[in-house]
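Any value given below was found using the heavy atoms of this structure, including those in side chains, with hydrogens, waters and symmetry copies removed. Letters go in sequence order (proteins before strands), and every chain restarts at 1.
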2 protein chains.
Amino acid sequence: MSRSHTNVSVQVIEEEACPLAEVLDHVAGKWSIGVLVAAAHGPVRFTELERAVEGISRRMLTLTVRKLERDGLLSRTVYPTVPPKVEYELTDMARELYGTLRSLTDWAQRHRTDIVAARARYDAAQQA
Amino acid sequence: MSRSHTNVSVQVIEEEACPLAEVLDHVAGKWSIGVLVAAAHGPVRFTELERAVEGISRRMLTLTVRKLERDGLLSRTVYPTVPPKVEYELTDMARELYGTLRSLTDWAQRHRTDIVAARARYDAAQQA
DNA sequence: CGGTATCCGGTTCGATACTG
DNA sequence: CAGTATCGAACCGGATACCG
C-alpha cells in the first residue's frame with residue numbers, strides 16, 4: 001500500500017472531478033436515468049414513458065424529458081396529428097452513455113446485498 | 001429502426017431501472033462522485049479531501065463521507081494521535097465502481113462541448 | 001394525448017459558530 | 001485536525017386542477 005500522494009495527483013483529481021460533476025448534474029436527478037433506460041430500446045411515447053418509469057409523476061416526467069432534450073440526450077419528435085403524438089428517442093451521444101449506465105447497473109446488481117450488509121453493520125455499530 | 005416495443009421490454013426496463021435508482025441514491029448526491037474520485041488514488045485525510053473536492057463545505061464533506069462509509073464504499077481509519085488523524089480509502093467494492101466512474105468521466109470529456117452546443121441550440125429555439 | 005399552472009411540504013445545502 | 005450544531009434559504013418534487 002504505497003502512499004504516493006503528491007500535489008500532482010490533486011491536480012489530476014480536479015481535472016477528473018469537474019466534468020464528472022457536470023455529467024451528474026445532467027444525468028442525475030431522481031428520474032433521468034430511469035427515463036434514459038426506458039427510452040433506450042427505441043422511440044417511445046410520452047405515456048409509454050409514464051408507465052415504464054414506475055412512480056414518476058406527469059410533472060416530473062415533463063421536466064425530466066425537457067432537461068434531457070435540452071442537454072442533447074433525448075430527441076423529441078412531434079407528429080401534428082389528432083390526437084397529438086410525440087416520440088422520444090436517445091440521441092447518439094446518449095446511446096454511447098447507455099453502455100456506461102449498463103455497467104453501473106451491473107455493478108449495482110453484483111453488490112446490492114453487500115451494500116445492504118454494510119449498512120446494517122454500520123447502523124449496528126452506531127447504535128452501540 | 002424497428003419498434004419492437006412490447007410488454008416484455010417494459011418488464012426488462014423495470015428490472016434494470018430499479019437497482020440503478022438504488023446505486024444513484026448511494027452514489028449521486030452533489031458530492032459523492034467527487035469524493036470517490038478524490039479518494040481513489042490512496043488513503044486520503046479529511047483536509048486533503050476538503051481541498052481536492054473543490055467547492056465542498058466542511059459540513060457536506062462530513063455528510064458525504066459518512067454516507068459513503070455507511071454504504072460500504074469508503075473505509076474510515078482513525079489514528080488516536082494528537083492531533084487526530086483520519087484516513088479515508090476506497091473499499092474493494094468502490095474500486096470496482098471506479099472503473100465505471102472513469103468511463104463516465106471519459107464520456108463527459110468527449111461530449112462536453114456537444115452538451116454545451118445542444119443547450120445553446122435548445123435555448124435559442126425556445127426564446128424564438 | 002401530451003402537456004401547463006399553482007400550491008406547498010420536505011429535503012438539501014451553505015454559512016456560521018463551536019469542540020475534543 | 002476533524003469534526004458537530006443550528007439556522008435559514010433554495011430547490012425538489014408530489015398533488016391537484018386545467019388546457020389545446
Touch class at under 4.0 angstrom, heavy-atom based, for A:T62 against every strand present: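 Counting heavy atoms under 4.0 Å across all strands, the contact made by A:T62 includes a base.
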
Along DNA chain D (nearest heavy atom to each residue), the more 5'-positioned of B:R66 and A:G29: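 Counting from the 5' end, the first nearest nucleotide belongs to B:R66.
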
Does any non-hydrogen side-chain atom of [Y] lie less than 4.5 Å from one of [X]?
X      : Y      : result
A:W107 : A:T105 : no
A:L90  : A:L36  : yes
A:Y88  : A:E48  : no
B:R102 : B:V37  : no

Under-4.0 Å salt bridge between B:R76 and B:E89: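 The answer is no: the pair does not qualify as a salt bridge.
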
5'-to-3' dot-bracket of DNA chain D (Watson-Crick, G-U; under 3.5 angstrom; crossing pairs as [ ]; | other strand): ||||||||||||||||||||

Any idea which heavy atoms bring [X] and [Y] closest together, and the distance?
X     : Y     : result
B:T91 : B:S75 : CG2-N, 3.9 Å
B:P43 : B:E87 : CB-OE1, 3.6 Å
B:E54 : B:W31 : O-CZ3, 3.8 Å

Leading and trailing nucleotides of DNA chain C with any atom under 4.0 Å from heavy atoms of chain A: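 First and last nucleotides in contact are C:dC1 to C:dT6.
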
Could you state the [atom1]-[atom2] distance from [X] to [N], rounded to the nearest angstrom?
X     : N      : atom1 : atom2 : answer
A:M60 : D:dC12 : CE    : P     : 8 Å
A:W31 : D:dC11 : CH2   : P     : 21 Å
B:R59 : D:dG8  : CZ    : C1'   : 11 Å
A:K67 : D:dC11 : NZ    : C1'   : 12 Å
A:L61 : D:dC12 : CG    : P     : 17 Å
A:I56 : D:dC12 : CD1   : P     : 15 Å
A:L63 : D:dC12 : CG    : P     : 9 Å
B:K85 : D:dA2  : NZ    : C1'   : 13 Å

Please state whether the phosphate of [N], meaning OP1 or OP2, lies under 4.0 angstrom from any side-chain nitrogen or oxygen of [X].
X     : N      : answer
B:Y88 : D:dG3  : yes
B:K30 : D:dC11 : no
A:S57 : D:dG13 : no

Reported CG-to-NE2 distance for the pair B:L73 and A:H111, which is rounded to 0.5 angstrom: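 One finds 9.5 Å between CG of B:L73 and NE2 of A:H111.
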
